[in-house]
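FYI, side chains are in, hydrogens and waters are out, and symmetry mates aren't considered; it's all heavy atoms of this structure. Proteins come first, then strands; the chains are lettered A, B, ... in the order of their sequence lines, and each starts at number 1.
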Amino acid sequence: MQRQDHRRTGTGGTMVTNKDVAAIFREMADLLTLEGVAFKPQAYLRAARAITALDEDITAIAERGELEAIAGVGTAIAAKITTIIDEGHLPALDTLRNKQPSGLRDLMKIEGIGPKTARRLSTELGITSIEELETAVDQHRLRRMKGFGAQSEKQIKEGIEALKGRTNRFLLGYILPDAETIEAQLRGHPAVLRVCLAGSIRRRKETIGDVDILVAADDPDAVSAFFCSLPEVQRVLMQGPKRSSVVLAADLHVDLRVVQEEAFGAALQYFTGSKGHNIHLRQRAIERGWKLNEYGLFAREGETLIARTHEEEIYRALDLAFIPPELRENRGEVEAAAAGALPTLIGYDAVKGDLHVHTRWSDGAHTIREMAEAARERGCEYITICDHSAGLAVAHGMTDDRIREQGKEIADLNRDLNDITILHGIEANIDRDGNPDVRKEILRDLDFVVASIHSGFRQTKKEMTERMQTAIHNDHIDMIGHPTGRLIQKREPYALDMDAVFEAAAAANVLMEINAFPSRLDLSDVHCRRARTFGVMIGIGTDAHHTNHLGYLDFGVAVARRGWLEEADILNTRTLAGLRKWLET
DNA sequence: GCCGTTTTCGGCCCGACTGTTTTCAGTCG
C-alpha cells in the first residue's frame with residue numbers, strides 16, 4: 001500500500017523513496033495480473049526489482065534525466081516514475097484500483113489462489129475479501145465452482161490459516177541453523193549423493209522467504225519420503241520424485257528438489273537464482289542459440305549437451321567468470337563477469353577480529369574473559385570490547401569511573417590470556433547535535449571508539465545528516481555503529497543522505513560498520529557497494545551480547561560479499577598490528 | 001511495457017505438481 005504520510009522536503013516537493021516507487025509498481029503488477037493482462041505485470045515487476053536494487057535515490061536519477069538507463073525502465077515507466085515524484089501518487093494506479101474490489105489482491109496472498117481463482121471467486125461467488133472467503137469455505141460454497149472439490153476447499157482453508165499465522169520473511173541469521181539441520185539429516189540418508197542449500201539462503205540474502213534444498217540421489221522416491229517424514233515437518237504440501245514441499249514450525253516452508261547427480265550443477269545454478277540473474281543467463285544462452293534450464297545447458301538443435309555437472313562449467317561455457325552466489329542478484333554481475341571485472345570477494349575466513357562486542361559491563365550476558373575466550377576459539381586474533389556509555393541507561397551504560405575500571409580489567413586479562421588481544425573500546429551515543437556522550441579525556445585513552453545513534457530517530461533528513469557528519473568529524477570517533485539504524489522488518493532506517501555520510505566518512509577516515517547482528521545487517525549490502533565507490537573503509541562487528549552471537553561474523557562477511565567488497569575494503573581483515581597502524585593515522 | 005549481434009515488431013522461462021476434468025488449467029518457483 002502506498003503511504004499517505006509523505007515527508008515534505010524543504011523545497012515543498014514530495015519526498016519519494018525507492019521503496020515507495022517499487023511498491024506502487026508491484027501493486028500495478030498485481031492489479032494487471034488480476035485483469036488477465038499479459039506481460040505487462042512482468043515488466044512492472046522487473047522495474048520494481050531494479051528500483052529496489054538501486055544504490056542511489058531514484059529522485060537523484062530522475063533529476064539527471066537518467067531513469068531509462070535503469071534496466072527494465074522504458075519510456076512509459078520512466079514517465080510514471082516522474083509522475084510519482086512530482087505528484088506523490090500515480091493516477092494510473094488509482095484508475096486500476098477503482099476497477100476491481102480492493103480485497104482481490106489479498107486473496108492472491110493465499111497459497112494456491114492465483115489471479116484466475118481470485119477473479120472467479122469474485123465474479124462467481126461474490127467473494128472479495130479473505131473474511132468472506134473463510135465464511136464461504138466453512139459453508140462449502142466453493143465446491144459449487146467447476147473444478148473445485150472438497151480437497152481444494154481444505155487447501156484454501158489451510159492457506160488462510162497459514163496466512164493469518166504468517167509474520168514476515170525469516171531473518172537469515174535465525175533460519176540458517178534450522179536449514180543446516182535439515183541439510184545434515186539429508187546428507188545422512190544412504191540414497192543421497194550430494195546435497196546443497198540453494199535459493200536465497202545460498203545467496204545469503206538478509207531475509208529468506210522459504211528454504212530450498214537440492215539433492216542428488218539414486219532413489220528419489222525414498223529421499224522424498226524421508227524428507228517428508230523428518231521430525232521437524234508439520235505439514236506436507238506436496239510430495240513427488242522431483243519436488244517435495246513441507247512446512248516446519250513457525251510456518252517455515254522448505255522445498256526439496258531431487259535431481260540426477262550428472263545434472264547437479266545445472267540444477268544448483270537454476271535453483272540458486274536469483275530469478276533476475278537466471279533470466280539474464282538464459283538470455284545469454286539464447287543469444288548463442290542455446291537453451292539453459294535446470295537440466296543443463298544445451299545447443300538448441302538436437303538437444304546437444306554443453307554443460308550440466310558443475311556450476312562452473314555453465315558459467316565458463318557462457319564466457320563468464322564464475323559468479324559467487326552472493327552476487328547473483330542481477331545487479332550488473334553478469335556484465336562484470338563477461339568483462340572479467342568481478343571483484344575478488346572477501347572470504348569467510350578473512351576477518352581476524354570482532355570490532356563490536358558487549359559484556360556484563362553493560363547489557364551483555366558474559367564477562368570480558370568469557371567473550372574473549374569464546375572469540376579465541378573461533379579463531380579471532382583480537383576483539384574490541386565496546387560496552388555502552390552512560391547515556392544509554394536502559395543498557396546499564398558505563399560512567400567515566402566504570403570505563404576506567406573496565407580498562408584495568410582488560411589490561412589484567414591481556415597479561416593473562418594467550419593468542420588473543422582485547423582492545424578497550426566503547427559504544428558511545430551520538431547526541432542530537434552529533435556529539436558523543438563521553439568526555440574527550442576518556443575517549444582519548446581508549447583503543448577504539450564506536451559511536452552510534454540510539455535516540456532522536458525522528459529528526460529531519462537534513463538534521464540527521466548533519467548530526468552524523470558532526471560525529472564523523474569528531475577526532476576521537478573511529479567507527480559509526482549500525483549507521484542507518486534500521487531493524488529489518490521492524491524499523492526503517494533514519495532519514496539520512498547516505499552519499500553525504502559516505503563522502504564525509506571517506507574524507508575523515510572513519511569506519512562505517514557492517515553490524516552483523518541478524519536483525520540489523522547495517523550497513524546493508526546495497527549501501528556497502530555504494531560506500532565502496534566513495535572509498536569508505538568498512539569494519540565488521542557482531543554487536544555480540546552473548547558468546548553465541550560471535551558466530552554472526554559470517555553474516556557480516558555475507559553482507560560485505562553481497563556488497564561487492566574485497567578484503568582490502570574491510571579494516572578487520574588486517575592483523576592486530578595492521579589495525580593499530582590504521583587507527584593511529 | 002520492455003527490448004534488440006536473427007529484431008523497431010513480436011517475442012517475453014518453463015517444468016513440476018495438484019485436483020479433478022478423462023486431457024488439462026492453474027499455481028508456483
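Near-neighbour residues of DNA chain B inside residues 132-151 of chain A, defined by a heavy atom below 4.0 Å, number-ordered: G147(A), F148(A), G149(A), A150(A), Q151(A). A heavy atom lying under 4.0 Å from DNA chain B marks the following residues of residues 30-40 of chain A, by number: F39(A), K40(A).
In this structure, the CD atom of E111(A) is 12 Å from the P atom of dT18(B), given to the nearest Å. If you take CG of L214(A) and P of dG29(B), they are 17 Å apart, rounded to a whole angstrom. Rounded to a whole Å, the CZ atom of R203(A) is 12 Å from the C1' atom of dG29(B). Rounded to whole Å, the distance from CZ on R120(A) to P on dT27(B) is 9 Å. Atom CG of L297(A) and atom P of dC14(B) are 14 Å apart (whole Å). Taking atom OH of residue Y44(A) and atom C1' of nucleotide dC12(B), one finds them 16 Å apart after rounding to whole Å. Computed from coordinates, the L256(A) CG to dA16(B) P distance equals 15 Å when rounded to whole Å. M238(A) places its CE atom 8 Å from the C1' atom of dT27(B), with the value rounded to the nearest Å.
Looking at heavy-atom distances under 4.0 Å, Y295(A) makes contact with sugar-phosphate atoms alone, never a base. As judged by a 4.0 angstrom heavy-atom cut-off over every strand, I156(A) is placed among residues making no nucleic acid contact. Note on P41(A): nothing from the nucleic acid sits closer than 4.0 angstrom, heavy atoms only. Residue S245(A) is classed as having no contact, given no heavy-atom separation below 4.0 Å to the nucleic acid. No contact: L292(A) has no heavy atom under 4.0 Å from any strand. Nucleic acid contact class of A47(A) (heavy atoms, under 4.0 Å, all strands): none.
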Restricting to nitrogen or oxygen on both sides, can you table the protein-nucleotides 6-8 of chain B pairs closer than 3.5 Å?
none

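Below 30°, between 30° and 60°, or above 60°: for F25(A) and Y44(A) the angle between ring planes is between 30° and 60°, a tilted geometry. Under the 30°/60° scheme for interplanar angles, the aromatic rings of H277(A) and Y315(A) are found to be tilted. Below 30°, between 30° and 60°, or above 60°: for Y552(A) and Y174(A) the angle between ring planes is above 60°, a perpendicular geometry.
Using a 4.0 Å cut-off, no side-chain N or O of Y270(A) falls inside it from OP1 or OP2 of dA16(B). In this model, the phosphate group of dG1(B) is approached by a side-chain N or O of K80(A) to a distance below 4.0 Å at OP1 or OP2. Taking 4.0 angstrom as the limit, S152(A) places none of its side-chain polar atoms (N or O) nearer than this to OP1 or OP2 of dT18(B).
Picking from dG29(B), dG1(B), dT18(B) the nucleotide with the shortest atom distance to the side chain of Q155(A) gives dT18(B).
R316(A) places no side-chain N or O within 3.5 Å of a backbone atom of A321(A) that could act as its donor or acceptor partner. Remark: the backbone N or O of A198(A) is not paired with any side-chain donor or acceptor of D212(A) at under 3.5 angstrom. Counting only distance, with no hydrogens or angles, the side chain of T309(A) and the backbone of G265(A) share no donor-acceptor pair below 3.5 Å. Of the possible donor and acceptor atoms, one in the side chain of R562(A) sits under 3.5 Å from a partner among the backbone N and O of R203(A).
Using a 4.0 Å cut-off between charged side-chain N and carboxylate O, R532(A) and E566(A) make a salt bridge. The existence of a salt bridge linking K461(A) and D497(A) is excluded, since no basic side-chain nitrogen approaches an acidic carboxylate oxygen closer than 4.0 Å. Using a 4.0 Å cut-off between a side-chain N of Lys or Arg and a carboxylate O of Asp or Glu, R235(A) and E161(A) do not qualify as a salt bridge. At a threshold of 4.0 Å, the pair E27(A)-R97(A) counts as salt-bridged, since one of the basic side-chain nitrogens sits closer than that to a carboxylate oxygen. For R257(A) and E294(A), the salt-bridge test fails: no basic side-chain N is under 4.0 Å from an acidic carboxylate O. The residues K157(A) and D138(A) are annotated as salt-bridged, a charged nitrogen and a carboxylate oxygen being separated by less than 4.0 angstrom.
Taking the nucleotide of DNA chain B with the nearest heavy atom to each of E153(A) and D212(A), the more 5' of the two is matched to E153(A). If D210(A) and I77(A) are placed on DNA chain B by their nearest nucleotide, the residue sitting closer to the 5' end is I77(A).
Applying the 90° criterion around 0 to the glycosidic angle, dT6(B) comes out anti.
Comparing dT20(B) with dC24(B), their C1' atoms sit 10 Å apart, to the nearest whole Å. Using C1' as the reference atom, dT5(B) and dG1(B) are 23 Å apart when rounded to the nearest Å. Taking the C1' atoms as reference points, dT8(B) lies 8 Å from dG4(B), given to the whole Å. Using C1' as the reference atom, dC13(B) and dG29(B) are 11 Å apart when rounded to the nearest Å. Separating the C1' atom of dT7(B) from that of dC12(B) is a span of 13 Å, rounded to the nearest Å.
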Practice task
Test salt bridge (Lys or Arg N to Asp or Glu O under 4.0 Å) on K40(A) and E35(A) and set out the steps.
Solution key: CA-CA 11 Å; K40(A) 286 192 191 186; E35(A) 288 197 352; over 6 Å; no

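A donor-acceptor contact under 3.5 Å is not formed by the side chain of R243(A) with the base of dC17(B).
With a cut-off of 3.5 Å on both pairing distances, the Watson-Crick or G-U wobble partner of dC3(B) is dG10(B).
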